[in-house]
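For ligands, and for the atoms within them, numbers begin at 1 and follow the listed sequence.
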Amino acid sequence: MNALSLSTRLGTELHGGSGPRVGGLLNAPAREALGHLARETPASSRRHVLDLDDFSCEEIARVLDVAVEMKQRLVGRAERLSALGGELVANVFYEPSTRTRVSFELAAKALGADVINFNASASSVEKGETLLDTVRTLQAMGVSTLVMRHREAGAPYLVASRLGVRVVNAGDGCHAHPTQALLDLFTIRGRFGRLAGLRVAIVGDILHSRVARSNLWGLSKVGAEVVVCGPPTLLPASPMQDRLFPWNVRLEHRLEAALEGADVVIALRLQRERQEAGLLPSVREYTTHYGITPERLRLAQPDALLMHPGPVNEGVEISADATHGPLSAIDEQVSNGVAVRMGLLYLLCADSTSAASGASR
Ligand code: CP
């Protein structure tokens, strides 16, 4: 069984109801802190965020709506909220990250949580400590929410199914990156005022991209029309392959055909290991056929959005002038990441902060 099918199996077990769930109305400090939003927005009934494949369209909309309120607070530089007071959030990263780790830290702190940053390469993991031992240790010190990035697909599912902490997947191997997809949806909705019916082209290494997979689930749920484009060696044989992709996705090998009339173009990071693995003749050839340039973007809608999860290999997947050009929403994606992660943490954790202080500390 490969790593992706392992994670799918673990996910099925998890979402089959074996994991504990929280729900109900928000606690009193949270209600007070967010006023009308809290009155109108019941807390999430989910405990973990592992991918978007088990999110409904309504649940995605709820996260984005709360994120709008969070963004207004950030722009207005309002005082910190106390909705997550007493919550101890651990950013546990077994792979490098700039955007995701920092934005989760800012988001949790802005909601009043305490945050620790755990860097696996500077920890007892180097002495052979296992993943479950590490998380158990953090849990024994009061951590109730784990934001976790791991090179192995399925690792967050393993922790969620074995231990009592709440798990938010911050990227697992080639499998999923749900909060990146949520911030991408937020950015697109913020520009167009809607998601349903938009034409979205995702270009690059679809097969190995956790960003692409989570976006495919999210975009499909909200009714966007999605085409994925890349060299045949970096595309799935069919959208249904291993049930890892939603069914209503079009495959396209020609970039020009994928860009034609697109409202949104999402370029993916090309990892140079793909060339070493023999999946690409050369990075230069990839850029020749699939690099996004201002000229090629003229095939898309005049007000199209150009997006990238970052970090961008400028001059490889996107030319420098397109990266910094008028259609680029790359910096906006990064800014929106804080508000979206605030919205998500708020919906996940705010209800249980008072209960957690008695139950798990
Ligand atoms: N988009 C993304 O996951 O970026 P980082 O690796 O910097 O977190």
Side-chain angles (χ1 to χ4, degrees), residues 7 49-52 63-64 67 89-110 115-122 145-156 167-188 190 200 202-219 228 230 264-274 292 305-314 316-318 322-324 328-345:
S7 62
V49 177
L50 301 173
D51 197 358
L52 294 190
V63 174
L64 304 191
V89 176
N91 283 324
V92 175
F93 279 62
Y94 287 79
E95 268 190 349
S97 166
T98 301
R99 294 149 199 78
T100 312
R101 198 202 60 70
V102 173
S103 62
F104 264 113
E105 180 173 354
L106 290 171
K109 285 180 173 170
V115 182
I116 57 168
N117 289 305
F118 175 88
N119 178 354
S121 63
T145 299
L146 206 70
V147 176
M148 179 181 174
R149 172 170 290 188
H150 203 284
R151 69 184 68 84
E152 298 294 337
V167 180
V168 180
N169 184 0
D172 62 326
C174 299
H175 176 237
H177 196 347
T179 62
Q180 177 69 44
L182 286 169
L183 77 87
D184 290 345
L185 293 173
F186 182 84
T187 304
I188 297 168
V200 181
I202 307 181
V203 180
D205 182 2
I206 308 296
L207 198 57
H208 302 96
S209 171
R210 58 195 178 204
V211 173
R213 282 200 65 263
S214 291
N215 259 312
L216 285 171
W217 283 115
L219 288 163
V228 294
V264 179
V265 179
I266 302 177
L268 301 172
R269 180 175 170 76
L270 185 74
Q271 294 183 359
R272 288 169 198 271
E273 305 92 272
R274 304 298 170 235
I292 307 291
L305 277 189
L306 173 62
M307 300 171 66
H308 189 295
V312 180
N313 291 308
E314 263 185 45
V316 177
E317 55 264 10
I318 312 183
T323 302
H324 304 288
S328 176
I330 297 170
D331 290 342
E332 194 181 332
Q333 285 173 269
V334 175
S335 307
N336 287 340
V338 179
V340 169
R341 288 167 175 130
M342 281 176 77
L344 194 69
L345 288 174

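A donor atom on one side chain and an acceptor atom on the other are found under 3.5 Å apart for His308 and Glu317.
Evaluated for a side-chain contact (heavy atoms from CB on, under 4.5 Å) with Ile266, the options Asn215, Ile292, Val228 yield exactly one hit, Asn215.
Between Leu268 and Ile202, the closest side-chain pair of non-hydrogen atoms falls below 4.5 Å.
Listed by number with element, the atoms of ligand 1 under 4.0 angstrom from any heavy atom of Thr98 are 5 (P), 7 (O), 8 (O). Interface of Thr100 with ligand 1, defined as ligand atoms under 4.0 Å from a residue heavy atom, comprises 2 (C), 3 (O), 4 (O), 5 (P), 8 (O). Atoms of ligand 1 lying under 4.0 Å from any heavy atom of Gly310, numbered from 1 in the order shown and given with element: 1 (N), 2 (C), 4 (O).
Phe104 carries Arg341 over the face of its six-membered ring, with the cationic atom under 6.0 Å from the centre and within 45° of the normal.
Closest protein heavy atom to atom 4 (O) of ligand 1: Arg99 CD, 3.6 Å. Nearest protein heavy-atom neighbour of atom 6 (O) of ligand 1: Arg149 NH1, 2.9 Å.
Atom CG of Leu52 is separated from atom CZ of Arg213 by 10.0 Å, given to the nearest 0.5 angstrom.
Close to ligand 1: His177, with a non-hydrogen atom less than 4.0 angstrom away.
Not a single N or O atom of Pro311, backbone or side chain, sits closer than 3.5 Å to an N or O atom of ligand 1.
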